[in-house]
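Structure, as structure tokens:
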2 protein chains.
Amino acid sequence: MSLPHAILTALLEKPSSGLELTRRFDRSIGYFWSATHQQIYRELGKLEAEGHIRALPSEQPARGQKKSYEVLPAGRAELARWTAASQDPKPHRDPLLLRLRAAAVVGTDGLEADLRRHLELHKRQLADYEKIEQRDFPPGKDAPHDRIQHLVLRAGIDLETFWTQWLTHALEEFAELPESGTA
Amino acid sequence: MSLPHAILTALLEKPSSGLELTRRFDRSIGYFWSATHQQIYRELGKLEAEGHIRALPSEQPARGQKKSYEVLPAGRAELARWTAASQDPKPHRDPLLLRLRAAAVVGTDGLEADLRRHLELHKRQLADYEKIEQRDFPPGKDAPHDRIQHLVLRAGIDLETFWTQWLTHALEEFAELPESGTA
DNA sequence: GGCCTTTATGCAACTAGTTGCAAAACAACG
DNA sequence: CGTTGTTTTGCAACTAGTTGCATAAAGGCC
């Protein structure tokens, strides 16, 4: 139930069309809530029907024609309500850890290469985040809004740091394992 | 596409009935791949139809009557194939980080209490994991199988450690924020 | 003008996970 | 023996997310 709220947040930051939202979901917001353009258009329709957002009046609604949305007071209220409401943390789902656990039973053949690949991907993501941090949060930029955003980015950085460290450690362990164990 | 493989792994570790599997998903395996009993029964049906597992011959199949499954060679082969196959990491979805980002726009009212609650939950989970580590991985228990399982547990411990630290830091920042900011 | 690519919007079908409920076997209680 | 509660299995409907494809406008190009 988070996608509509992700969209409301994005639209409050800046009114946008479906495609612009899609692009922003590929960057900042998508780092912790990804969505495809199909999902976004579907949800924009629902949010408009519910009276949470409206199309900016300027242009007529036709296919292939840009249509921008802005958040209405009802939408902002709903977002505030959702943000403040208590929510239980959902349990993780991590296929990589699952594969490792399977490997403990059926053997580690073939897994190492993919661990190495994941390590590279996480390193790259970490480098991206750190570049964003330098660009968007120079020392002194500490209005409440900035502090909170920075906090979110720090979570991303620390998570990627964790994964690179853990994967590095895992690969070291693999190196010490006897070859091809159906352990 | 991971649930069937989670079940195969669990059944290889020990043949079980649906209910036993459900219980084990609430403990060890569920720490990184949770599932309800309804999902598990449905999936057991599919896996049996595909010839990956079979019901242990002992008892007749009737409703309300215990039925245990074991993995067939085809199931083991499928699990090995899946474990070795390259898979892209799926992007995270974290509602809490999303809420924080929303809070940067609509204000942090009400969020702090839930952050505190999450911190408690993560601390408890961390304590659980550490107890499991002490119990199941004493020094010297380092056969390949144990090392890999330990690696998975370490990921859980380190992730919970990250969250407790990050939430603690976030709460410190909140304390410094001016009251009730629609920042 | 006709053709190709890019931009922008969107529908439909499918897959995976969640929620609500129920039915069959069994055990215990009086 | 009937009632009540627990264990075990399972169906059905719903929600959320994914995948594949379609349609329309706009701009470049020859």
Side-chain angles (χ1 to χ4, degrees), chain A residues 1-8 10-11 15-26 29-30 32-50 53-56 58-69 82 87-95 98, chain B residues 1-8 10-11 15-26 29-30 32-50 53-56 58-69 82 87-95 98:
Chain A
M1 275 290 291
S2 300
L3 178 59
H5 303 100
I7 292 177
L8 287 172
L11 287 180
S16 311
S17 69
L19 196 67
E20 282 160 1
L21 278 176
T22 304
R23 298 236 168 86
R24 289 167 62 199
F25 268 79
D26 287 341
I29 298 209
F32 44 92
W33 204 274
S34 63
T36 62
H37 69 103
Q38 290 94 331
Q39 262 180 293
I40 288 168
Y41 282 115
R42 199 196 308 170
E43 208 60 47
L44 283 172
K46 279 191 208 167
L47 285 168
E48 190 177 27
E50 289 163 1
I53 62 173
R54 70 163 175 191
L56 285 178
S58 58
E59 285 146 82
Q60 70 279 25
R63 214 167 178 157
Q65 198 117 9
K66 210 170 181 167
K67 195 164 57 164
S68 282
Y69 293 90
W82 176 80
Q87 266 182 251
D88 284 330
K90 293 255 159 186
H92 282 85
R93 291 249 165 95
D94 195 315
L98 196 56
Chain B
M1 277 291 292
S2 300
L3 177 59
H5 302 100
I7 292 177
L8 286 172
L11 287 180
S16 310
S17 69
L19 196 68
E20 283 161 0
L21 278 176
T22 303
R23 299 236 168 86
R24 289 167 62 197
F25 269 77
D26 287 341
I29 297 208
F32 44 91
W33 203 274
S34 62
T36 61
H37 68 102
Q38 291 93 331
Q39 262 181 294
I40 288 169
Y41 283 115
R42 198 197 309 172
E43 207 61 47
L44 283 172
K46 278 191 208 168
L47 285 167
E48 189 176 27
E50 289 164 2
I53 62 174
R54 69 163 177 191
L56 285 178
S58 55
E59 285 145 84
Q60 71 277 25
R63 214 168 178 156
Q65 197 119 8
K66 210 166 179 173
K67 195 164 57 166
S68 284
Y69 293 90
W82 176 80
Q87 266 182 250
D88 284 330
K90 292 256 160 185
H92 282 83
R93 292 249 165 96
D94 195 313
L98 196 55

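Remember, predicted model here, so these are calculated numbers, not experimental data. In what follows, chains carry the letters A, B, and so on, assigned in the order in which the sequence lines appear, proteins first and then strands, with residues in each chain numbered from 1.
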Item to complete: Name the closest nucleotide to the A:Trp33 side chain, picking from C:dA8, C:dA16, D:dG17.
Response: D:dG17
Practice prompt. Starting at atom NZ of B:Lys67, determine the distance to atom C1' of C:dA25, rounded to an integer number of angstrom.
Written response: 14 Å
Discussion item. Between the base of C:dT18 and the side chain of B:Arg42, is there a donor and acceptor pair under 3.5 angstrom?
Written reply: yes
Item to complete: Take the protein atom CG of A:Leu3 and the nucleotide atom C1' of D:dT18, then report the distance between them rounded to whole Å.
Response: 13 Å
Worksheet item: Considering only heavy atoms from C-beta outward, does the side chain of B:Leu21 approach that of B:Leu44 to under 4.5 Å?
Response: yes
Practice prompt. Measure the distance from NZ on B:Lys46 to P on D:dG10 and round it to the nearest whole Å.
Written response: 15 Å
Worksheet item: In terms of side-chain heavy atoms, does A:Ser2 have a donor or acceptor partner in B:Arg93 at a distance below 3.5 Å?
Response: no
Practice prompt. Look at A:Ser17 and C:dT9 and indicate whether a side-chain polar atom (N or O) is within less than 4.0 Å of OP1 or OP2.
Written response: yes
Item to complete: Let me know the distance between CD of A:Glu20 and P of C:dT7, rounded to the nearest Å.
Response: 13 Å
Discussion item. Is it the case that the side chain of B:Thr22 and the backbone of B:Gly18 share a donor-acceptor pair, with hydrogens and angles ignored and the cut-off at 3.5 Å?
Written reply: yes
Worksheet item: Once you round it to whole Å, what is the distance between C1' of C:dA16 and CZ of A:Arg93?
Response: 9 Å
Worksheet item: Quick one: which of D:dT19, D:dT8, D:dG17 gets closest to the side chain of A:Thr36?
Response: D:dT19
Discussion item. In this structure, how many angstroms lie between the C1' atom of C:dT9 and the OH atom of A:Tyr69, rounded?
Written reply: 9 Å
Discussion item. Given D:dT18, C:dA8, D:dT8, identify the nucleotide with an atom nearest to the side chain of B:Tyr41.
Written reply: D:dT8
Discussion item. Less than 3.5 Å apart, any donor N or O on the side chain of B:Arg24 or B:Ser16 sitting next to an acceptor on the other?
Written reply: yes
Fill in: Contact nearer the 5' end of DNA chain D, comparing A:Met1 with B:Arg23
B:Arg23
Worksheet item: Does D:dG17 have OP1 or OP2 sitting under 4.0 Å from an N or O in the side chain of B:Lys90?
Response: no
Response to the item:
Rounded to whole Å, the CD1-P distance (A:Ile40 to D:dT18) equals 11 Å
Fill in: B:His92 NE2 to A:His92 NE2 distance, which is reported to the nearest 0.5 Å
6.5 Å
Discussion item. Is it the case that C:dG17 (base atoms only) and B:Gln38 (side chain only) share a donor and an acceptor within less than 3.5 Å, ignoring hydrogens and angles?
Written reply: no
Worksheet, complete the sentence: Rounded to whole Å, NE2 of B:His37 lies from P of C:dT19 at a distance of 11 Å
